[in-house]
Amino acid sequence: MIKSIKLKFGSAPESSPVELDIEPITIFVGPNNSGKSKVLSEIKDFCNRGISHPDNLILDHITFDANVFDPNTLLQSIKRSPRKQDSIDPTKIYVGNENSPIQVEEARILLALEDPNSDPELFCRAYLWYQVLKIDQQNRTGLIRDSSIQDHQGKINDVANTLFYDDNKREMLREILFRAFDKYIVFDPTTLGNLKIRFSDTLPKNHLEERGLHEEAVQFHKKAKSLETFSDGVKAFTGILAQIIAGDPKIIMIDEPEAFLAPTLSFKLGKEIALSCSASNKRLFVSTHSANFVMGCIQSGVPISIVRLTYQNNIPTARTLPNEMLLQLMRQPLFRSTGVLEGLFFDAVIVTEADSDRAFYQEINERLLQMTPDRGIPNCLFLNAQNKTTVHKIIKPLRELGIPAAGIVDIDILKNGGKDWTDFMQSGFIPEASHLGLGQNRSAIDNKCKATGNCMKKDGGINILNHDDKEAASNLFNQLAEYGLFVVEIGELESWLKHLEVPGKSPGWLIEIFEKMGENPVDPDYVTPKTDDVWAFMDLIAAWFKNPIRKGIPQ
């Protein structure tokens, strides 16, 4: 039904707006308040009206597929008899919803059904309006319910009855749910006139045992448990898949499908939704906060589109994310172990050398956010690499996805020339023309530090240098900081908060420094943010994140 959508903006204020061809699944990701739920509402509104609402913030336009379905077949599905109160024009027919049909010339509606873009308002009002389902927190647990049994010879208009009568669709749903819950969904007609949805520990012997009214059927269903007795997660999982497999809607929108689900079930739901949508020729639009759901969709192998939305400093952005890159992030053990894909849902990501660094800088940031106005980095994810030479492996792919990712390394990064230094600069997307000069500066400062006979990492960082050399080193680090690459000028992690007099090396140092920093903010010895030391270092990093024209993010 939908061929493409066009948004109102792109990856940067000066970039062209995002326009993407629609795959079976389109997933919107991004931080909180970035517009993920809003774009679903705007897509639904367009499908209802056939025109963009003037107050739209994200969606600009939708283009429909033309000549996909036989217009005469579609017309028969929406043609209605006039109601008693309707005036009858013999030159026109009634189409649309039974309760509010539209009177239109037959030739005009046939043209709109053949090419929806020729008359999108009529196409949507007469047909598409009734082919759209939006699933959110209000209705996700009631998508499939116990029902009265409908006449098989008449029109079946609910999902439970469709599954009861359609053996193929019922078996398809049953297999999926068994993989998820190790139980079999069954449809119980033995309470005369009613159709109850249950989960059984065993399969029915045949269709007759499930659908019959004889004693064996009664005893079989008596052992099964009603769907109503299961958790909201099970109900939502079951209902979403049931709507995709057996529901009428051609376009389904799901806001946060992972609600009520454990991470493993979110992954399974993503995978099963993708496979089911592809098989049913439906189109699905999803907004999600779950990396597990996204991974499940990607690993299904079904074509999907992923769009990351952000809204920062009153500037909206949208960027399509390449599936191949996300798949690579999922496959590499380093990325899986560090939770890199979680960065899709944060405004900022900081990558450190090791877990101790990550924990310390995260605590510093939390205290800045809690105790000082306008300081700290809100909605920031802290990740750690294995060492300074692997920091770049996490920063670079995140930035390629449009995610602001900063790196923090100790000063001995200066010792790493050659490929290590080049990789570090490339991860910050520093222009290649600057690499030679920065590399020469790195080498010169490293030699100056060695000439002092002191250890740059243990004995004070750039403070071991004379005035001119110290200024040169500081200039180099400032250039790197412009691109979100931050070096601990005074040495290493353990160089911070020296006044607390914590000796040793992480992780022992980390445990003791946290003890010295205190746990209770009302304690007089609780360490609060200052304007120097590590607090000033975090202010420098925050300034890069908060800069709307920050350097180092590819367009």
Side-chain angles (χ1 to χ4, degrees), residues 1-5 20-28 39-51 59 61-80 95-98 100-102 109-136 139-140 143-144 155-163 166 168-169 172-173 239-255 257 272-287 297 302-305:
M1 291 289 171
I2 296 179
K3 181 180 181 181
S4 65
I5 62 174
L20 66 151
D21 293 335
I22 295 304
E23 302 289 358
I25 297 184
T26 301
I27 303 175
F28 295 97
V39 73
L40 294 189
S41 297
E42 292 180 358
I43 292 172
K44 184 176 186 296
D45 181 71
F46 194 106
C47 292
N48 291 346
R49 294 156 39 91
I51 188 172
L59 179 69
H61 188 71
I62 290 178
T63 302
F64 298 107
D65 276 317
N67 303 312
V68 174
F69 302 104
D70 175 34
N72 288 292
T73 302
L74 289 186
L75 178 58
Q76 293 307 311
S77 71
I78 61 173
K79 200 170 182 179
R80 305 292 177 230
V95 296
N97 184 269
E98 294 178 351
S100 54
I102 302 167
I109 186 61
L110 281 171
L111 179 60
L113 293 173
E114 182 178 13
D115 181 8
N117 301 303
S118 66
D119 196 343
E121 292 184 57
L122 177 59
F123 172 73
C124 290
R125 288 172 55 224
Y127 177 73
L128 193 59
W129 181 309
Y130 316 107
Q131 305 297 324
V132 177
L133 171 66
K134 185 178 179 186
I135 300 172
D136 54 25
N139 66 354
R140 72 177 70 246
L143 295 169
I144 181 170
K155 183 179 179 181
I156 303 299
N157 58 13
D158 82 10
V159 172
N161 275 273
T162 299
L163 290 164
D166 191 317
N168 291 331
K169 290 180 178 178
M172 185 185 305
L173 178 64
I240 290 171
L241 268 302
Q243 286 289 345
I244 292 173
I245 292 171
D248 289 332
K250 301 294 188 296
I251 298 171
I252 299 176
M253 300 162 194
I254 312 179
D255 192 6
E272 299 294 359
I273 277 180
L275 293 170
S276 300
C277 267
S278 179
S280 65
N281 200 32
K282 289 180 168 65
R283 290 294 176 262
L284 183 69
F285 295 89
V286 179
S287 74
C297 290
V302 172
I304 64 174
S305 297

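- Judged by distance alone, the side chains of D115 and S118 never bring a donor and an acceptor atom under 3.5 Å apart.
- Considering CG of D255 and NZ of K44, their distance stands at 12.5 Å, rounded to 0.5 Å.
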*Walk me through it: do S276 and K282 pass the test side chain to side chain donor-acceptor pair (under 3.5 Å)?*
CA-CA 9 Å; S276 300; K282 289 180 168 65; over 6 Å; no

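- No side-chain donor-acceptor contact under 3.5 Å links Y130 to the backbone of C124.
- Heavy atoms only, all atoms of each residue included: M253 and L40 are closest at SD-O, 3.4 Å.
- The two residues N48 and W129 make their nearest non-hydrogen contact at O-CE3, 3.0 Å.
- When only modelled atom types and interatomic distance are considered, S4 and D21 share no side-chain donor-acceptor pair under 3.5 Å.
- Between I251 and F285 the shortest side-chain heavy-atom distance falls below 4.5 Å.
- Between atom CG of residue L133 and atom CG of residue N139 there is a gap of 6.5 Å, rounded to the nearest 0.5 Å.
- Closest approach of H61 and T63 over heavy atoms only: CD2-OG1, 3.7 Å.
- Of the candidates D119, L122, I102, L122 is the only one forming a side-chain contact (heavy atoms from CB on, under 4.5 Å) with I109.
- Across every non-hydrogen atom of E272 and L241, the tightest pair is O-CD1, 3.9 Å.
- To the nearest 0.5 Å, the span separating CG on L74 from CZ on F123 amounts to 7.5 Å.
- The shortest distance between side-chain heavy atoms of V286 and I273 does not fall below 4.5 Å.
- At a threshold of 4.5 Å between non-hydrogen side-chain atoms, the residues V302 and C277 do not count as touching.
- Judged as a side-chain hydrogen bond (donor to acceptor under 3.5 Å, both in side chains), and not counting sequence neighbours, the contacts of Q131 are K250.
- Atoms CD and CZ, from E23 and R283 in turn, are 8.0 Å apart once rounded to the nearest 0.5 Å.
- In this structure the side chain of I2 reaches within 4.5 angstrom of the side chain of C47, judged on heavy atoms.
- From S77, atom OG reaches atom CG of D248 across 10.5 Å, with rounding to the nearest 0.5 Å.
- The shortest distance between side-chain heavy atoms of K134 and S41 falls below 4.5 Å.
- Between the side chain of R80 and the backbone N or O of G96 there is at least one donor-acceptor pair closer than 3.5 Å.
- Taking every heavy atom of both residues into account, D65 and K3 meet most closely at OD1-CB, 3.4 Å.
- Rounding to the nearest 0.5 Å gives a distance of 4.5 Å between CD1 of I135 and CG of L143.
- Taking every heavy atom of both residues into account, P257 and R140 meet most closely at CA-NH1, 3.7 Å.
- Without hydrogens or angle criteria, S278 side chain to L275 main chain gives no donor-acceptor distance under 3.5 Å.
- Counting heavy atoms from C-beta on, the side chains of I43 and T26 never come closer than 4.5 Å.
- The side-chain heavy atoms of F46 and I5, taken from C-beta on, include no pair separated by under 4.5 Å.
- Residues F64 and L128 have side chains in contact (heavy-atom distance under 4.5 Å, counting atoms from C-beta outward).
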